[in-house]
Asks: 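Before we start, here is the structure in question, set down as structure tokens.
Quick note: numbers below take in every heavy atom, side chains included, and nothing from hydrogens, waters or symmetry partners. Every number for a ligand or one of its atoms is a count from 1 in the order of the listing.
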Amino acid sequence: MNRIQLCIVVVCSYAVCAKQMTDIEALASAPTRCTYEYAFDMYGAHCAGLRLNKIPSLRGGIEILDFSDNKLQEIHDDTLSSYSSIKFLYLSENQIYSIEENAFFYLSNLQTLDLSKNVILALPESIFHLSSLRKLYLNGNPLLHLHFSNLKLSRPIQAPIELLDISECKIKVLPEWGILPQLILYNISNNPLTSIDALHFSSMCKLSKVDLTKSIDNLKLCDMRMTITWFQEKKVYFQLEDYSKLNSREFESCRKEEIPANLNATYHECRSLYRQEQSIRTSRRTWLTIGGGLAGFLVGFVLLLYVMHRHNVTQTKRAEKETKKIPPDGDRQASAVLLNNVA
Ligand SMILES: *[C@@H]1O[C@H](CO)[C@@H](O)[C@H](O)[C@H]1NC(C)=O
Ligand SMILES: *[C@@H]1O[C@H](CO)[C@@H](O)[C@H](O)[C@H]1NC(C)=O
């Protein structure tokens with residue numbers, strides 16, 4: 001009996017041991033350093049989930065940096081300054097609370113910036129001037145609202161932001177972004193908004209979707225009337241958890257107002273800004289095409305000149321050879337004179 005019990009204990013402890021070993025082994029085999037790979041034709045560094053509290057020195061030329069799920073707390077002006085080639089930067093799920101003013105200044109190629117799920121208190125203005133930035137994720141920064149009222153932006157915002165996510169940020173009053181002519185998707189869900197103003201959305205003339213889920217539940221129906229009218233007028237899809245309130249008699253009986261002139265004015269200002277940017281972009285593209293065409297023409301022309309030159313050279317050489325084969329008459333006469341003298 002004793003031996004059997006002992007045996008069982010040994011087998012059991014071995015089994016427990018084996019299980020623990022696999023866990024430890026799994027941990028040990030997980031990468032502890034950033035890895036590099038090509039994805040979508042881009043060179044990327046993957047450092048996610050490595051419990052790092054600073055960005056290690058990385059290879060140059062990276063276009064993607066995934067540093068999510070780490071322990072980064074501060075981004076200094078020089079933290080990212082040597083990686084100006086980055087296009088996609090993922091810094092979500094860190095412990096970032098401080099970003100220095102010029103932290104992103106050198107990232108002129110940056111298209112997507114994910115700062116979600118951190119504890120960011122204040123945003124540096126330089127983010128809004130990144131010349132290629134299209135997607136900005138700030139969601140899940142619970143303290144963001146503290147300094148939003150202090151956010152001093154020089155307007156208009158120069159970054160061509162198309163997606164802005166400030167969901168789950170405990171925002172009560174939406175920040176004044178000024179005109180965002182490229183914005184298409186605006187996520188303001190899960191914020192305890194205390195008011196909503198149609199003017200806020202009139203400066204986003206390309207807006208096609210607003211996520212308002214769980215953000216306007218505490219607002220008075222009639223206070224939302226103008227904003228809803230504006231969304232309907234401009235064909236903006238607004239997402240709510242429950243639309244039934246909007247079909248209620250209470251909402252129907254709110255005083256109907258005409259869209260005020262200042263909304264129209266802001267909207268048209270946004271439209272003209274959008275058109276300006278489009279034409280700048282088109283003319284840049286045109287110039288690039290013209291430039292490219294001209295360069296191609298020049299290369300072709302130089303090649304042609306070269307070929308003609310080679311052709312000429314061979315022709316002259318051939319001509320020279322032929323003249324050498326037939327000595328000139330003068331020479332013949334000279335030799336005749338010589339022969340005469342000898343004779
Ligand atoms: C908006 O954000 C919430 C929470 O972050 C997310 O669940 C939702 O899918 C987002 N909405 C859109 C339209 O992307
Ligand atoms: C604003 O524009 C809408 C149509 O886009 C129009 O119905 C409304 O009368 C305009 N408001 C003013 C004050 O011009």
Asks: Is there a polar contact between ligand 1 and Asn187, counting only N or O atoms under 3.5 Å apart?
Replies: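 Asn187 vs ligand 1: N/O contact under 3.5 Å present.
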Asks: List ligand 1 atoms under 4.0 Å from Glu168, heavy atoms only on the residue side.
Replies: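 Reading through ligand 1 atom by atom, the close ones are 4 (C), 5 (O).
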Asks: Among all protein heavy atoms, pick out the one at the shortest distance from atom 11 (N) of ligand 1; state its residue, atom name and that distance to 0.1 Å.
Replies: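 Scanning the protein heavy atoms, the shortest distance from atom 11 (N) of ligand 1 goes to Asp211 OD2, 2.7 Å.
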Asks: Give the atoms of ligand 1, by number and element, whose distance to some non-hydrogen atom of Lys209 is under 4.0 Å.
Replies: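 Selected atoms, number and element: 13 (C).
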Asks: Minimum distance, heavy atoms only, to atom 9 (O) of ligand 2: which one of Lys234, Glu258, His268 is it?
Replies: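 Among Lys234, Glu258, His268, the closest heavy atom to atom 9 (O) of ligand 2 belongs to Glu258.
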Asks: Under 4.0 Å from a heavy atom of Ser189: which atoms of ligand 1 are those, numbered in the order shown and with their elements?
Replies: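 Once the distances to Ser189 are compared, the set is 1 (C), 2 (O), 3 (C).
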Asks: Does Ser167 reach ligand 1 with a nitrogen or oxygen that is under 3.5 Å from one of the ligand's nitrogen or oxygen atoms?
Replies: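 Right, the criterion is met.
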Asks: Can you check whether Asn187 reaches Leu164 side chain to side chain, under 4.5 Å on heavy atoms?
Replies: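 The answer is no; the side chains never approach within 4.5 Å.
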Asks: So for atom NZ, which belongs to Lys220, do other residues, nucleotides or ligands contribute more than 12 heavy atoms lying within a distance under 6.0 Å?
Replies: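 Count not over threshold, so no.
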Asks: Would Asn190 count as being in polar contact with ligand 1, using the rule that some N or O on each side must be under 3.5 angstrom apart?
Replies: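 Between Asn190 and ligand 1 (N or O atoms, distance only) the closest approach is not under 3.5 Å.
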Asks: Could you list the residues that satisfy side-chain contact (heavy atoms from CB on, under 4.5 Å) with Leu185, not counting sequence neighbours?
Replies: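 For Leu185 the side-chain contact (heavy atoms from CB on, under 4.5 Å) partners, ignoring immediate neighbours, are Leu163, Lys209.
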Asks: Consider side-chain contact (heavy atoms from CB on, under 4.5 Å). Of Ile188, Asp197, Thr194, Asn191, which one does Leu174 pass it with?
Replies: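 Of all the options given, the one that passes is Ile188.
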Asks: Flag yes if more than 12 heavy atoms outside Tyr267 fall under 6.0 Å of its OH atom; otherwise flag no.
Replies: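 Yes, enclosed.
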Asks: Would you say Ile259 has any N or O atom under 3.5 Å from an N or O of ligand 2, going by distance alone?
Replies: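 The answer is yes, given that Ile259 and ligand 2 share an N or O pair closer than 3.5 Å.
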Asks: Indicate whether any N or O donor in one side chain lies under 3.5 Å from an N or O acceptor in the other, for Glu162 and Gln182.
Replies: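 Their side chains do not contain a donor-acceptor pair, so the 3.5 Å distance test is not met.
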Asks: Using a 4.0 Å cut-off to any heavy atom of Ala261, which atoms of ligand 2 qualify?
Replies: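 Close to Ala261: 13 (C).
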Asks: Cluster partners of Phe88, using ILVMFWY side-chain heavy atoms under 4.5 angstrom, listed by chain and number?
Replies: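 Members other than Phe88 - counting any ILVMFWY side chain reachable under 4.5 Å - are Phe40, Met42, Ile64, Tyr90.
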Asks: Give me the residue, atom name and distance of the protein heavy atom closest to atom 14 (O) of ligand 2.
Replies: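 The protein heavy atom lying closest is Asn264 ND2, 3.5 Å.
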Asks: In terms of relative ring orientation, are Phe201 and Phe231 parallel, tilted or perpendicular, with 30° and 60° separating the classes?
Replies: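 Because their plane-to-plane angle is over 60°, the rings of Phe201 and Phe231 count as perpendicular.
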Asks: May I ask whether atom 5 (O) of ligand 2 is less than 4.0 Å from at least one protein heavy atom?
Replies: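 Yes.
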